[in-house]
Amino acid sequence: MNGNHANFRLAAGGTLLSLLLAVAGGWAQSGAPKAPAASAGPKLAEEEYKNIQALKGIPAEQVIPSMQFIAASLGVECEYCHVAHANEKDDKKPKVTARKMINMMMAINRENFDGHREVTCYSCHRGSAKPVSTPIITDEEPRPPDGEGKKAGEAKDSLPRAEQLLDKYLAAIGGAEALQKITSRVQKGTLTAFGGQHFSVDVYSKAPDKRMSVMHLQGGDSVTAFDGKQGWMSVPVRVHRMSAAENEGARIDADLYLPAHLKTLYAKFSVDSGEKIDGRDTYLVAGHNEGQPPLRLYLDKESGLLLRLVRYVETPLGRNPTQIDYADYRDANGVKVPFRWTLGRPGNRFTIQVEQVQQNVPVDDSKFEPPQEPAAPKPSAP
(Lines give C-alpha, C1' and ligand atoms only; values in the text may rest on other atoms or scores of the structure.)
Protein backbone atom coordinates (compact mmCIF):
# COMPACT_ATOMS: atom_id res chain seq x y z
CA MET A 1 0.00 0.00 0.00
CA ASN A 2 1.07 3.56 -0.62
CA GLY A 3 2.93 4.98 2.34
CA ASN A 4 1.64 8.43 1.37
CA HIS A 5 -1.88 7.21 1.97
CA ALA A 6 -1.43 5.88 5.49
CA ASN A 7 -4.76 4.86 6.95
CA PHE A 8 -6.46 6.34 10.02
CA ARG A 9 -4.76 3.84 12.25
CA LEU A 10 -1.31 5.13 11.34
CA ALA A 11 -2.37 8.76 11.05
CA ALA A 12 -3.86 9.46 14.45
CA GLY A 13 -2.24 7.00 16.82
CA GLY A 14 -2.90 6.16 20.46
CA THR A 15 -6.12 5.86 22.37
CA LEU A 16 -7.96 8.39 20.23
CA LEU A 17 -7.42 6.39 17.10
CA SER A 18 -8.01 3.00 18.67
CA LEU A 19 -11.43 4.12 19.84
CA LEU A 20 -12.25 5.54 16.43
CA LEU A 21 -11.43 2.16 14.94
CA ALA A 22 -13.69 0.43 17.41
CA VAL A 23 -16.60 2.71 16.58
CA ALA A 24 -16.12 3.14 12.87
CA GLY A 25 -15.11 -0.31 11.77
CA GLY A 26 -11.39 0.05 11.80
CA TRP A 27 -8.66 0.70 9.27
CA ALA A 28 -10.61 3.29 7.33
CA GLN A 29 -9.01 4.43 4.12
CA SER A 30 -7.02 7.55 4.68
CA GLY A 31 -7.00 11.04 3.45
CA ALA A 32 -9.59 13.46 2.16
CA PRO A 33 -11.57 12.18 -0.81
CA LYS A 34 -9.83 12.83 -4.09
CA ALA A 35 -11.45 14.32 -7.15
CA PRO A 36 -13.34 11.61 -9.04
CA ALA A 37 -11.42 9.97 -11.85
CA ALA A 38 -12.36 10.89 -15.38
CA SER A 39 -13.03 7.26 -16.30
CA ALA A 40 -16.29 5.57 -15.35
CA GLY A 41 -16.34 3.10 -12.48
CA PRO A 42 -14.51 3.00 -9.14
CA LYS A 43 -10.76 3.44 -8.89
CA LEU A 44 -8.98 0.10 -8.66
CA ALA A 45 -6.62 -0.93 -5.88
CA GLU A 46 -3.52 -0.79 -8.08
CA GLU A 47 -4.44 2.75 -9.18
CA GLU A 48 -4.67 4.03 -5.61
CA TYR A 49 -1.91 2.08 -3.84
CA LYS A 50 1.64 1.06 -4.60
CA ASN A 51 2.79 -2.55 -5.08
CA ILE A 52 -0.63 -4.20 -5.18
CA GLN A 53 -0.30 -7.79 -6.39
CA ALA A 54 -2.70 -10.39 -4.96
CA LEU A 55 -5.62 -7.93 -4.77
CA LYS A 56 -5.30 -6.41 -8.21
CA GLY A 57 -8.62 -5.58 -9.81
CA ILE A 58 -10.66 -4.96 -6.65
CA PRO A 59 -12.05 -1.48 -5.91
CA ALA A 60 -9.55 0.66 -4.00
CA GLU A 61 -12.02 1.28 -1.19
CA GLN A 62 -12.05 -2.47 -0.44
CA VAL A 63 -8.31 -2.74 0.24
CA ILE A 64 -8.42 -1.52 3.86
CA PRO A 65 -11.48 -3.63 4.81
CA SER A 66 -9.65 -6.63 3.31
CA MET A 67 -6.62 -5.86 5.47
CA GLN A 68 -8.94 -5.59 8.45
CA PHE A 69 -10.32 -9.05 7.70
CA ILE A 70 -6.81 -10.54 7.53
CA ALA A 71 -5.82 -8.87 10.82
CA ALA A 72 -8.95 -10.15 12.59
CA SER A 73 -8.52 -13.67 11.17
CA LEU A 74 -4.89 -13.90 12.32
CA GLY A 75 -5.17 -11.81 15.50
CA VAL A 76 -2.38 -9.45 14.40
CA GLU A 77 -1.79 -5.74 13.80
CA CYS A 78 -0.65 -3.83 10.69
CA GLU A 79 3.03 -4.09 11.57
CA TYR A 80 2.95 -7.90 11.50
CA CYS A 81 3.14 -7.71 7.70
CA HIS A 82 3.88 -4.07 6.90
CA VAL A 83 6.87 -1.81 7.42
CA ALA A 84 5.69 1.19 9.45
CA HIS A 85 5.18 4.29 7.29
CA ALA A 86 6.22 2.29 4.19
CA ASN A 87 3.38 -0.14 3.63
CA GLU A 88 4.37 -0.78 0.01
CA LYS A 89 7.68 -2.44 0.95
CA ASP A 90 8.10 -6.23 0.87
CA ASP A 91 10.78 -6.38 3.56
CA LYS A 92 8.77 -8.62 5.92
CA LYS A 93 8.33 -12.31 5.15
CA PRO A 94 4.74 -12.49 6.51
CA LYS A 95 3.64 -10.05 3.80
CA VAL A 96 5.12 -12.23 1.04
CA THR A 97 3.53 -15.29 2.65
CA ALA A 98 0.18 -13.53 2.90
CA ARG A 99 0.12 -12.98 -0.86
CA LYS A 100 0.72 -16.69 -1.43
CA MET A 101 -2.04 -17.59 1.02
CA ILE A 102 -4.52 -15.23 -0.68
CA ASN A 103 -3.78 -16.83 -4.04
CA MET A 104 -4.10 -20.31 -2.51
CA MET A 105 -7.44 -19.44 -0.89
CA MET A 106 -8.82 -18.07 -4.15
CA ALA A 107 -7.65 -21.16 -6.01
CA ILE A 108 -9.33 -23.48 -3.48
CA ASN A 109 -12.63 -21.65 -3.89
CA ARG A 110 -12.32 -21.48 -7.67
CA GLU A 111 -11.44 -25.15 -8.13
CA ASN A 112 -13.65 -26.70 -5.45
CA PHE A 113 -16.61 -24.39 -4.84
CA ASP A 114 -17.38 -22.96 -8.30
CA GLY A 115 -15.77 -19.68 -7.32
CA HIS A 116 -18.00 -19.17 -4.28
CA ARG A 117 -16.10 -17.91 -1.25
CA GLU A 118 -16.45 -20.86 1.13
CA VAL A 119 -12.87 -20.90 2.46
CA THR A 120 -11.33 -17.78 4.00
CA CYS A 121 -8.29 -16.86 6.08
CA TYR A 122 -10.33 -17.50 9.21
CA SER A 123 -11.19 -21.06 8.11
CA CYS A 124 -7.70 -22.16 9.16
CA HIS A 125 -6.28 -19.41 11.34
CA ARG A 126 -9.13 -18.93 13.83
CA GLY A 127 -7.56 -15.78 15.29
CA SER A 128 -4.02 -17.19 15.37
CA ALA A 129 -1.03 -16.09 13.30
CA LYS A 130 -0.33 -19.76 12.58
CA PRO A 131 -3.04 -22.03 11.15
CA VAL A 132 -4.91 -24.06 13.76
CA SER A 133 -4.27 -27.68 12.78
CA THR A 134 -5.37 -29.49 15.95
CA PRO A 135 -8.96 -29.65 17.25
CA ILE A 136 -9.47 -27.45 20.31
CA ILE A 137 -10.76 -28.88 23.60
CA THR A 138 -13.31 -26.43 24.99
CA ASP A 139 -14.83 -26.10 28.46
CA GLU A 140 -18.35 -26.34 27.05
CA GLU A 141 -20.01 -29.23 25.31
CA PRO A 142 -20.61 -28.54 21.62
CA ARG A 143 -24.13 -27.51 20.75
CA PRO A 144 -25.77 -30.10 18.46
CA PRO A 145 -27.19 -28.84 15.17
CA ASP A 146 -30.90 -28.07 15.23
CA GLY A 147 -32.94 -31.23 15.02
CA GLU A 148 -30.19 -33.56 16.26
CA GLY A 149 -30.71 -35.32 19.56
CA LYS A 150 -34.44 -35.72 18.99
CA LYS A 151 -35.98 -39.16 19.07
CA ALA A 152 -37.18 -40.80 15.88
CA GLY A 153 -40.53 -39.39 14.84
CA GLU A 154 -40.25 -36.43 17.21
CA ALA A 155 -41.03 -33.20 15.37
CA LYS A 156 -38.69 -30.26 15.34
CA ASP A 157 -39.85 -27.38 17.52
CA SER A 158 -42.12 -25.10 15.55
CA LEU A 159 -40.97 -21.52 15.21
CA PRO A 160 -42.98 -18.32 14.83
CA ARG A 161 -43.00 -16.58 11.47
CA ALA A 162 -40.57 -13.69 11.01
CA GLU A 163 -43.45 -11.27 10.48
CA GLN A 164 -44.91 -12.20 13.87
CA LEU A 165 -41.61 -11.66 15.64
CA LEU A 166 -40.92 -8.33 13.94
CA ASP A 167 -44.44 -7.15 14.78
CA LYS A 168 -43.91 -8.19 18.40
CA TYR A 169 -40.62 -6.25 18.48
CA LEU A 170 -42.30 -3.13 17.12
CA ALA A 171 -45.11 -3.47 19.68
CA ALA A 172 -42.59 -4.01 22.50
CA ILE A 173 -40.84 -0.76 21.59
CA GLY A 174 -44.14 1.08 21.89
CA GLY A 175 -45.75 0.66 18.48
CA ALA A 176 -45.41 2.42 15.14
CA GLU A 177 -47.57 5.40 16.12
CA ALA A 178 -45.53 6.19 19.24
CA LEU A 179 -42.27 5.67 17.36
CA GLN A 180 -43.26 8.07 14.57
CA LYS A 181 -43.88 10.79 17.15
CA ILE A 182 -40.16 10.84 17.97
CA THR A 183 -38.45 13.33 15.66
CA SER A 184 -35.10 13.60 17.41
CA ARG A 185 -33.12 12.10 20.26
CA VAL A 186 -30.12 13.46 22.18
CA GLN A 187 -28.30 11.06 24.50
CA LYS A 188 -25.46 11.76 26.90
CA GLY A 189 -23.52 9.07 28.68
CA THR A 190 -20.24 7.34 29.42
CA LEU A 191 -18.21 5.10 27.16
CA THR A 192 -16.11 2.36 28.76
CA ALA A 193 -13.24 0.72 26.87
CA PHE A 194 -9.54 -0.20 27.07
CA GLY A 195 -9.61 -2.07 30.37
CA GLY A 196 -12.01 0.23 32.15
CA GLN A 197 -11.13 3.71 30.89
CA HIS A 198 -14.11 6.07 30.79
CA PHE A 199 -14.95 8.85 28.32
CA SER A 200 -18.01 11.07 27.97
CA VAL A 201 -20.08 10.59 24.83
CA ASP A 202 -22.93 12.46 23.13
CA VAL A 203 -25.21 10.87 20.51
CA TYR A 204 -27.50 12.99 18.31
CA SER A 205 -30.23 11.42 16.17
CA LYS A 206 -32.73 13.09 13.86
CA ALA A 207 -35.55 11.47 11.91
CA PRO A 208 -35.55 9.72 9.67
CA ASP A 209 -31.89 8.71 9.31
CA LYS A 210 -29.33 11.19 10.63
CA ARG A 211 -26.99 10.32 13.48
CA MET A 212 -23.77 11.55 15.05
CA SER A 213 -21.82 10.21 18.04
CA VAL A 214 -19.11 12.34 19.64
CA MET A 215 -16.59 10.84 22.04
CA HIS A 216 -14.69 13.37 24.11
CA LEU A 217 -11.19 11.96 24.47
CA GLN A 218 -8.00 13.41 25.89
CA GLY A 219 -6.51 13.91 22.43
CA GLY A 220 -9.63 15.55 21.00
CA ASP A 221 -13.10 14.51 19.85
CA SER A 222 -13.70 11.34 17.82
CA VAL A 223 -16.83 11.63 15.67
CA THR A 224 -18.84 9.09 13.67
CA ALA A 225 -21.81 10.40 11.69
CA PHE A 226 -24.32 9.70 8.93
CA ASP A 227 -26.04 12.64 7.24
CA GLY A 228 -28.85 10.64 5.62
CA LYS A 229 -26.79 9.76 2.54
CA GLN A 230 -23.11 9.67 3.43
CA GLY A 231 -21.30 8.46 6.52
CA TRP A 232 -18.08 9.99 7.79
CA MET A 233 -15.62 9.75 10.67
CA SER A 234 -13.21 12.27 12.05
CA VAL A 235 -10.42 12.74 14.54
CA PRO A 236 -8.59 16.05 14.96
CA VAL A 237 -7.38 17.29 11.54
CA ARG A 238 -8.51 14.11 9.74
CA VAL A 239 -11.84 13.34 8.05
CA HIS A 240 -12.74 10.04 6.37
CA ARG A 241 -15.79 9.50 4.16
CA MET A 242 -17.17 6.00 4.51
CA SER A 243 -17.10 3.49 1.67
CA ALA A 244 -20.33 2.13 0.20
CA ALA A 245 -20.11 -0.98 2.40
CA GLU A 246 -19.49 1.10 5.54
CA ASN A 247 -22.41 3.34 4.59
CA GLU A 248 -24.86 0.44 4.74
CA GLY A 249 -23.97 -0.26 8.36
CA ALA A 250 -24.10 3.41 9.29
CA ARG A 251 -27.52 3.72 7.63
CA ILE A 252 -28.92 0.93 9.84
CA ASP A 253 -27.51 2.54 12.99
CA ALA A 254 -28.94 5.94 12.00
CA ASP A 255 -32.50 4.78 11.22
CA LEU A 256 -34.56 6.23 14.06
CA TYR A 257 -37.55 4.16 12.92
CA LEU A 258 -35.70 0.90 12.26
CA PRO A 259 -38.20 -1.32 14.16
CA ALA A 260 -40.94 -0.09 11.82
CA HIS A 261 -38.82 -0.30 8.67
CA LEU A 262 -37.30 -3.77 9.07
CA LYS A 263 -39.92 -5.67 7.08
CA THR A 264 -39.39 -3.39 4.07
CA LEU A 265 -35.58 -3.52 4.07
CA TYR A 266 -35.14 -7.21 3.19
CA ALA A 267 -36.66 -9.41 0.49
CA LYS A 268 -36.97 -12.45 2.75
CA PHE A 269 -36.43 -13.50 6.35
CA SER A 270 -35.52 -16.73 8.11
CA VAL A 271 -36.17 -17.71 11.73
CA ASP A 272 -34.17 -20.00 13.99
CA SER A 273 -33.58 -20.55 17.68
CA GLY A 274 -31.07 -17.99 18.92
CA GLU A 275 -28.43 -18.24 21.61
CA LYS A 276 -28.94 -17.15 25.20
CA ILE A 277 -27.99 -13.52 25.79
CA ASP A 278 -27.59 -12.42 29.41
CA GLY A 279 -29.60 -15.49 30.41
CA ARG A 280 -32.47 -14.64 28.06
CA ASP A 281 -33.75 -17.07 25.40
CA THR A 282 -33.93 -15.57 21.93
CA TYR A 283 -35.23 -16.08 18.42
CA LEU A 284 -32.83 -15.34 15.58
CA VAL A 285 -34.46 -13.46 12.71
CA ALA A 286 -32.17 -12.99 9.71
CA GLY A 287 -32.93 -10.58 6.87
CA HIS A 288 -31.66 -11.52 3.40
CA ASN A 289 -31.19 -9.60 0.16
CA GLU A 290 -29.66 -11.17 -2.93
CA GLY A 291 -25.94 -10.49 -3.19
CA GLN A 292 -25.70 -8.85 0.26
CA PRO A 293 -24.65 -10.16 3.68
CA PRO A 294 -27.51 -10.87 6.10
CA LEU A 295 -28.68 -8.82 9.05
CA ARG A 296 -29.13 -10.95 12.19
CA LEU A 297 -31.54 -9.90 14.91
CA TYR A 298 -31.76 -11.71 18.27
CA LEU A 299 -35.17 -11.02 19.79
CA ASP A 300 -36.08 -11.81 23.39
CA LYS A 301 -38.57 -14.72 23.36
CA GLU A 302 -40.51 -13.25 26.28
CA SER A 303 -40.47 -9.48 25.77
CA GLY A 304 -39.88 -9.32 22.01
CA LEU A 305 -37.19 -6.65 22.47
CA LEU A 306 -34.01 -6.61 20.38
CA LEU A 307 -31.09 -7.92 22.46
CA ARG A 308 -28.45 -8.25 19.73
CA LEU A 309 -27.90 -7.07 16.16
CA VAL A 310 -25.14 -8.50 13.97
CA ARG A 311 -24.28 -6.93 10.63
CA TYR A 312 -21.43 -7.48 8.20
CA VAL A 313 -19.22 -5.57 5.78
CA GLU A 314 -18.41 -7.63 2.69
CA THR A 315 -14.80 -7.73 1.50
CA PRO A 316 -13.12 -9.75 -1.27
CA LEU A 317 -11.59 -12.03 1.39
CA GLY A 318 -14.47 -12.45 3.85
CA ARG A 319 -17.04 -10.68 5.99
CA ASN A 320 -16.13 -8.28 8.80
CA PRO A 321 -18.72 -8.62 11.58
CA THR A 322 -20.10 -5.97 13.91
CA GLN A 323 -22.15 -7.05 16.94
CA ILE A 324 -24.25 -4.65 19.02
CA ASP A 325 -25.89 -5.82 22.25
CA TYR A 326 -28.77 -3.76 23.66
CA ALA A 327 -29.82 -3.73 27.32
CA ASP A 328 -31.32 -1.60 30.10
CA TYR A 329 -34.46 -0.65 28.13
CA ARG A 330 -36.37 2.26 29.66
CA ASP A 331 -39.44 4.23 28.68
CA ALA A 332 -38.84 7.63 27.07
CA ASN A 333 -41.90 9.52 25.80
CA GLY A 334 -43.84 6.30 25.28
CA VAL A 335 -41.03 4.48 23.45
CA LYS A 336 -38.65 1.93 24.97
CA VAL A 337 -35.01 2.95 24.43
CA PRO A 338 -31.91 0.87 25.29
CA PHE A 339 -29.84 2.84 27.79
CA ARG A 340 -26.85 0.53 27.36
CA TRP A 341 -25.31 -0.91 24.25
CA THR A 342 -22.09 -2.81 23.72
CA LEU A 343 -20.44 -2.77 20.32
CA GLY A 344 -17.94 -5.48 19.50
CA ARG A 345 -15.71 -6.27 16.54
CA PRO A 346 -12.80 -8.68 16.29
CA GLY A 347 -10.12 -7.25 18.56
CA ASN A 348 -12.10 -4.43 20.19
CA ARG A 349 -15.20 -3.77 22.24
CA PHE A 350 -16.74 -0.85 24.09
CA THR A 351 -19.89 -0.13 26.09
CA ILE A 352 -21.96 3.05 26.21
CA GLN A 353 -24.15 3.65 29.24
CA VAL A 354 -26.68 6.40 28.61
CA GLU A 355 -27.35 8.70 31.55
CA GLN A 356 -29.63 11.31 29.99
CA VAL A 357 -32.10 11.21 27.07
CA GLN A 358 -33.98 14.13 25.52
CA GLN A 359 -36.41 13.61 22.64
CA ASN A 360 -38.16 15.94 20.21
CA VAL A 361 -35.63 18.71 20.82
CA PRO A 362 -34.22 20.90 18.02
CA VAL A 363 -31.18 19.38 16.26
CA ASP A 364 -29.87 21.36 13.29
CA ASP A 365 -29.11 19.43 10.08
CA SER A 366 -25.70 21.12 9.89
CA LYS A 367 -24.55 19.07 12.88
CA PHE A 368 -24.39 15.95 10.69
CA GLU A 369 -22.31 17.53 7.92
CA PRO A 370 -18.60 16.57 7.82
CA PRO A 371 -16.11 19.29 8.73
CA GLN A 372 -13.73 20.61 6.12
CA GLU A 373 -10.23 19.19 6.34
CA PRO A 374 -7.52 21.82 6.87
CA ALA A 375 -5.79 22.80 3.66
CA ALA A 376 -2.34 21.33 3.17
CA PRO A 377 0.42 23.82 4.08
CA LYS A 378 2.00 25.62 1.18
CA PRO A 379 5.57 24.62 0.37
CA SER A 380 8.18 27.03 1.58
CA ALA A 381 9.69 29.36 -0.97
CA PRO A 382 13.01 28.22 -2.46
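All heavy atoms count here, side chains included; hydrogens, waters and symmetry mates do not.
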Could you walk me through whether L307 and D278 pass the side-chain contact (heavy atoms from CB on, under 4.5 Å) check? CA-CA 9 Å; L307 301 185; D278 289 335; over 6 Å; no
I would like to know whether T192 and Q353 meet side-chain contact (heavy atoms from CB on, under 4.5 Å); could you show each step before the answer? CA-CA 8 Å; T192 303; Q353 179 66 52; over 6 Å; no
Test log, rule side chain to side chain donor-acceptor pair (under 3.5 Å), inputs D90 and N51: CA-CA 9 Å; D90 293 341; N51 198 15; 3.0 Å; yes
Worked check of side chain to side chain donor-acceptor pair (under 3.5 Å) between T190 and E355: CA-CA 8 Å; T190 300; E355 293 146 7; 2.6 Å; yes
Give the intermediate values and the outcome of side-chain contact (heavy atoms from CB on, under 4.5 Å) for residues I70 and I102. CA-CA 10 Å; I70 292 174; I102 291 172; 4.1 Å; yes
Mind running side-chain contact (heavy atoms from CB on, under 4.5 Å) on T120 and F69 for me, showing each step along the way? CA-CA 10 Å; T120 71; F69 181 79; 3.7 Å; yes
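Taking every heavy atom of both residues into account, G219 and P236 meet most closely at O-CG, 3.5 Å. In terms of heavy atoms, Y266 sits closest to I252 at OH-CD1, 3.8 Å. A207 and I182 get closest at one heavy-atom pair: CB-O, 4.2 Å. Contact between E275 and T282 at its shortest, heavy atoms only, is O-OG1, 2.7 Å. Summarising the geometry of L55 relative to S66, their closest heavy-atom pair is CD1-CB, 4.2 Å, with the distance given to 0.1 Å. Contact record, A178 with G334: CB-O, 3.8 Å, taken as the closest heavy-atom pair.
With hydrogens and angles disregarded, no donor-acceptor distance shorter than 3.5 Å links the side chain of Q53 to the backbone of R99. A donor-acceptor pair under 3.5 Å is formed between the side chain of K92 and the backbone N or O of E79. For the pair E47 (side chain) and L44 (backbone), a donor-acceptor distance under 3.5 Å is present. Judged by distance alone, with hydrogens and angles left aside, the side-chain atoms of K168 form a donor-acceptor pair with the main-chain N or O of E302 at under 3.5 Å. Remark: side-chain polar atoms of K188 are not paired, donor with acceptor, to backbone N or O of Q358 under 3.5 angstrom. A donor-acceptor pair is defined here as one N or O able to donate and one able to accept, closer than 3.5 Å; no such pair exists between the side chain of D255 and the backbone of D209. A donor-acceptor contact shorter than 3.5 Å is absent between the side chain of N320 and the backbone of T315. Judged purely by atom type and a 3.5 angstrom limit, N289 has no side-chain atom pairing as donor or acceptor with the backbone of Q292.
The same ILVMFWY cluster, assembled from side-chain heavy atoms under 4.5 Å apart, contains both Y257 and V335. Cluster annotation: I58 and V313 are assigned to distinct hydrophobic clusters (Ile/Leu/Val/Met/Phe/Trp/Tyr, side-chain heavy-atom contacts under 4.5 Å, transitive). At a threshold of 4.5 Å between side-chain heavy atoms, the hydrophobic network of Ile, Leu, Val, Met, Phe, Trp and Tyr places F226 and V223 in two separate groups. Both V76 and L317 belong to a single network of hydrophobic side chains, linked directly or stepwise wherever heavy atoms of I, L, V, M, F, W or Y lie under 4.5 Å apart. Both Y204 and V361 belong to a common hydrophobic cluster when Ile, Leu, Val, Met, Phe, Trp and Tyr are linked at side-chain heavy-atom distances under 4.5 angstrom.
Residues R185 and L256 meet the side-chain proximity criterion, which asks for heavy atoms closer than 4.5 Å. Residues M242 and N247 have side chains in contact (heavy-atom distance under 4.5 Å, counting atoms from C-beta outward). Under the 4.5 Å side-chain criterion, counting only non-hydrogen atoms from C-beta, P362 is not in contact with S184. Between V271 and R161 the shortest side-chain heavy-atom distance does not fall below 4.5 Å. In this structure the side chain of V337 reaches within 4.5 angstrom of the side chain of Q187, judged on heavy atoms. Inter-residue side-chain proximity for L265 and L295 is flagged as unmet; no heavy-atom pair is nearer than 4.5 Å. R238 has its side chain out of reach of H240: every pair of non-hydrogen atoms, C-beta onward, lies at least 4.5 Å apart. M212 has its side chain out of reach of T224: every pair of non-hydrogen atoms, C-beta onward, lies at least 4.5 Å apart.
For the atom pair OH (Y80) and NZ (K95), the distance works out to 14.5 Å, reported to the nearest 0.5 Å. The distance from the OG atom of S270 to the CZ atom of R296 is 7.5 Å, given to the nearest 0.5 Å. To the nearest 0.5 angstrom, R311 atom CZ is 12.0 Å from L297 atom CG. E61 contributes atom CD, which lies 12.0 Å from atom NZ of K43 (distance to the nearest 0.5 angstrom). K210 contributes atom NZ, which lies 11.5 Å from atom CZ of R251 (distance to the nearest 0.5 angstrom). Atom CD1 of I108 sits about 11.0 Å away from atom CG of N103, to the nearest 0.5 Å.
Annotation: side chain to side chain contact (heavy atoms under 4.5 Å, CB included) contacts of S200 (sequence neighbours excluded): H216.
Counting only residues at least two apart or in different chains, salt bridge (charged side-chain N to carboxylate O under 4.0 Å, His left out) contacts with residues 315-330 comprise R308-D325, E314-R319, D328-R330.
When each of T183, D365, D364 is checked for a side-chain hydrogen bond (donor to acceptor under 3.5 Å, both in side chains) with K206, only D365 meets the rule.
Counted within 6.0 Å of CD on Q356, heavy atoms from surrounding residues, nucleotides or ligands total more than 12; the atom is thus considered enclosed. At most 12 heavy atoms of other shown residues, nucleotides or ligands fall within 6.0 angstrom of atom NZ in K336.
K56 has no carboxylate O lying under 4.0 Å from a charged side-chain N of E46, or vice versa, which leaves the two without a salt bridge.
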